[in-house]
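A short write-up of the structure that comes next.
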Amino acid sequence: MTAGVREEPREAVRPRTPRRLPLPTLLALLVGFAGVGYRLALLFADVPPTNSDEATMGLAALHIARGDGFPVWFYGQAYMGTLEAYLAAPLVALAGPSVLVLRLPTLALYALFLLLSWRLTRRLGGDRWYALLVVAVLALGADRVVKNQLIAGGGYPELNPAGAALALLTVGLCVAGAGARLPRWAAWGLIAGVLLWVDPLILPYVLTLGALLVARRWRELAGRAGAVLAGALLLGAAPMLVDSVRHGRNPVTAVLAAGGTGAPADWADRLHGALVLGPPLASGFCSPGRCATWQLWWAVAFPVLLVLAALAAWHTVRRASGGPRSAERVSAGVRLALLGGAAGILAVYALSNAAGQTPIESSRYLSCLAVAVPALLWPLWQAARPLAAHRLTGQRQLAEVAASDRPTERRFAEVAASDRPTERQLAEVAASEEGGYRHLPEMESIKAAGERAAGARARVAGTGALAVLAGVLGTGVAATVDVIRMAPAVHAEADRHRSLVDTLGALDVRNVRGGYWTCNRLTYATGENVVCAVVDDDLTPGFDRLPAYRREVAADPDAAWVAPAGSPLAARLDERLGAESGAFDVVTVAGWRIYLPRR
């Protein structure tokens, strides 16, 4: 017997060449990893600095992890959902309470935002190089930007990835076949509902993108798709709706009341805070806690770009051919919706008292402007891209002419000496020796003059666009470097707070009184081993987000007092030092003063 071996087809044994990522995609991936890595390094350096509001979300995560409660709202108010607490609860259960475990989910949300922004840029018609530019801009991390992205204080880190996801789903719903759209309708409604519960700051994007869907898919919305969307929307907003019914609370009223308290701000202050300080701070062009004069140039460029990008998108919507499902028209429509949402967010912020009263800190309300970056920078890219492409094309054509068999030295020298060899000039050189090229001098002269004028305008526009893009990246890099410079001081402050926690443990102190920005931070850092009740600088009771803490502290006659060294509260408590009854003994530790009742 003989055994035969079947001959394999040649294609089966031919080695396959591994697919390589295109260079701009590879660079975008590297830039994205750098942006995430930079933020992870900040987290290990205790940057950005934490506060009691973030600790309040941490306490909610701690209670969820223990099964002690499942809060719907940020403690002490009837708005701003606790999604961040539910995301962090499993990590808190595994590793215990810390700022790092509270922020790891927000870091993951930022990474998701980068990925979705890259994908959204590509779906909106941008090439890979433009997607790289968008990722590079969003990878930079100035003071206000990293605070919005990393601090788990409620309502900010999750908004941008959710907004980018809504925009991507909108593109898909406008171009996909009817049979493939029901899951997208459900996802769109669910995300929108969750956003309404978490924080209504992103509502302008929900409205503009929703209006686009209604305009293009109203027939579907009148049927099963509308039912799916409505059901998913109600499911996402269920925590808010159920709580409102059970307790008779209106979250809309609470949100409106949060737009600034006290006397109404002057309109000049509101406009200055919203239009001058707001865009540079929200876009990451300012140093920690302030905006230098040179960093405010974006306040002028931002509204101009907003208008130009909106006009360009509207023009594309009007002229695009191919029917209502044209990809070009859909892309322009989504860009227009994003720009309209950004304008709406800016307008609502300008109407609030917060823009005039606390413009530096309240600029966090503009964090969602980052969702519109792929649409906002589009006119700059459209103007700058032909300039670079023209240079490359001219050089390539010139090389082709040089490689031809019989170019005349005189004509080649003339073309080579020109700044921008045009296709007509190069064609003349290529055909001059063949004798087959003829032209009318007057008509060619008129055409050449028009080409030169159009080329000059394009070069000016491209040069200006490149300058603005360079300014965006350069200013963002400078502000990011300022954050890195401040990191050692922030880390040192966090170390001092850890020393405070250790000292309270060594003194066996279980109940204390302190300022608002001391209490919940201290309680969360100790895992509720130390419970703190809030007092104002005049020693009167302050605002406790968890009233149970006040009751527990009031029941302890040996409750201590804690205050930062040099603070007004410390000065007031220092007045009670002495030998008389009711006086305090003080323990000083690394920037803090602990006041122990004298027994």
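Values below: all heavy atoms of this structure, side chains included; hydrogens, waters and symmetry mates excluded.
- In this structure, Arg66 places its CZ atom where more than 12 heavy-atom neighbours from other residues, nucleotides or ligands lie under 6.0 Å away.
- For the residue pair Arg123 and Val171, the shortest heavy atom distance occurs at NH2-CG1, 3.4 Å.
- Contact check for Cys368 versus Tyr205: side-chain heavy atoms found under the 4.5 Å cut-off.
- With contacts defined as side-chain heavy-atom distances shorter than 4.5 Å, the pair Ile151/Thr106 does not qualify.
- When all heavy atoms of Leu213 and Leu221 are compared, the pair lying nearest together is O-CD1, 4.1 Å.
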request  = Could you go through the side chain to side chain contact (heavy atoms under 4.5 Å, CB included) check for Ile191 and Val194 one step at a time?
outcome  = CA-CA 5 Å; Ile191 293 173; Val194 170; 5.8 Å; no
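- A cation-pi geometry, defined here as NZ or CZ lying under 6.0 Å from the six-membered ring centre and within 45° of its normal, does not hold between Arg364 and Tyr156.
- Judged by distance alone, the side chain of Asp536 and the main-chain N or O of Asp538 form no donor-acceptor pair under 3.5 Å.
- At least one side-chain heavy atom of Leu59 sits less than 4.5 Å from a side-chain heavy atom of Asn520.
- The closest side-chain heavy-atom distance from Val47 to Val483 is below 4.5 Å.
- Ser283 places a side-chain N or O within donor-acceptor distance of the main-chain N or O of Pro279, the cut-off being under 3.5 Å.
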task = Check the pair Arg521 / Glu493 against salt bridge (Lys or Arg N to Asp or Glu O under 4.0 Å), numbers first and verdict last.
result = CA-CA 13 Å; Arg521 181 184 179 189; Glu493 191 280 330; 3.1 Å; yes
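- Arg270 contributes a side-chain N or O that, together with a main-chain N or O of Leu351, makes up a donor-acceptor pair within less than 3.5 Å.
- No more than 12 heavy atoms of other residues, nucleotides or ligands sit less than 6.0 Å from atom CZ of Phe44.
- Trp73 is listed as a side-chain neighbour of Met240, based on a closest heavy-atom distance under 4.5 Å.
- For Asp199 (side chain) and Leu201 (main-chain N/O), a donor-acceptor pair under 3.5 Å exists by modelled atom type.
- In terms of heavy atoms, Val135 sits closest to Ala28 at CG1-O, 3.8 Å.
- The minimum heavy-atom distance linking Leu281 with Cys286 is given by the pair CD2-CB, 3.7 Å.
- Taking OG of Ser98 as the reference point, atom OH of Tyr524 lies at 5.5 Å (rounded to 0.5 Å).
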message = For a side chain to side chain donor-acceptor pair (under 3.5 Å) check, start with the C-alpha distance between Glu528 and Tyr549, then their side-chain angles and the critical distance, and finish with the verdict.
response = CA-CA 10 Å; Glu528 293 188 311; Tyr549 291 166; 2.5 Å; yes
key: side chain to side chain contact (heavy atoms under 4.5 Å, CB included) evaluation trace for Asp143 with Ser287   = CA-CA 6 Å; Asp143 176 54; Ser287 304; over 6 Å; no
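- Checking side-chain atoms of Thr82 against main-chain N and O of Phe74 turns up no donor-acceptor pair under 3.5 Å.
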task = Determine, step by step, whether Leu277 and Leu296 satisfy the side chain to side chain contact (heavy atoms under 4.5 Å, CB included) criterion, reporting the C-alpha distance in whole Å, the side-chain angles of both residues, the deciding distance to 0.1 Å, and the verdict.
result = CA-CA 7 Å; Leu277 295 177; Leu296 295 176; 4.0 Å; yes
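- Not one N or O on the side chain of Trp561 forms a donor-acceptor pair closer than 3.5 Å with the backbone of Leu539.
- Rounded to the nearest 0.5 angstrom, Thr480 OG1 and Leu140 CG are separated by 4.5 Å.
- Closest non-hydrogen pair, Ala533 versus Asp544, comes out as CA-OD1, 3.5 Å.
- For the atom pair CG (Leu124) and CG (Leu338), the distance works out to 6.5 Å, reported to the nearest 0.5 Å.
- Although no hydrogens or angles enter the test, the distance criterion places a donor-acceptor pair under 3.5 Å between the side chain of Thr208 and the main chain of Pro204.
- Atom NE2 in His491 sits 14.5 Å away from atom CE in Met486 (nearest 0.5 Å).
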Derivation of the salt bridge (Lys or Arg N to Asp or Glu O under 4.0 Å) call for Arg498 and Asp495 = CA-CA 5 Å; Arg498 284 187 279 268; Asp495 281 340; 2.6 Å; yes
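- Side-chain contact between Leu369 and Phe302: present, with at least one pair of heavy atoms (C-beta onward) separated by less than 4.5 Å.
- Between Asn160 and Leu109, every side-chain heavy-atom pair lies at or beyond the 4.5 Å cut-off.
- Across all non-hydrogen atoms, the minimal contact from Trp517 to Asp53 is CH2-OD2, 3.6 Å.
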task = Evaluate side chain to side chain contact (heavy atoms under 4.5 Å, CB included) for Leu346 paired with Tyr365, printing each intermediate quantity in order.
result = CA-CA 9 Å; Leu346 192 61; Tyr365 297 140; over 6 Å; no
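- Side-chain contact between Tyr349 and Ser362: present, with at least one pair of heavy atoms (C-beta onward) separated by less than 4.5 Å.
- Taken from CG in Leu43 to OH in Tyr38, the straight-line distance is 10.5 Å, to the nearest 0.5 Å.
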request  = List the steps and the verdict of salt bridge (Lys or Arg N to Asp or Glu O under 4.0 Å) for Glu552 and Arg510.
outcome  = CA-CA 10 Å; Glu552 183 174 342; Arg510 292 292 178 263; over 6 Å; no
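- The distance from atom CG of Leu212 to atom CZ of Arg335, rounded to the nearest 0.5 Å, is 12.0 Å.
- Of the possible polar contacts, none joining the Arg184 side chain to the Trp188 backbone as a donor-acceptor pair under 3.5 Å is found.
- A tilted orientation is assigned to the rings of His63 and Tyr75, their planes being inclined by 30° to 60°.
- Under the 30°/60° scheme for interplanar angles, the aromatic rings of Tyr516 and Phe543 are found to lie parallel.
- The backbone N or O of Pro71 lies less than 3.5 Å from a partner atom in the side chain of Tyr86, making a donor-acceptor pair.
- For the pair Glu54 (side chain) and Ala152 (backbone), a donor-acceptor distance under 3.5 Å is present.
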ask   = Would Arg513 and Asp556 satisfy salt bridge (Lys or Arg N to Asp or Glu O under 4.0 Å), going step by step from the backbone distance to the final call?
value = CA-CA 11 Å; Arg513 295 180 177 89; Asp556 183 4; over 6 Å; no
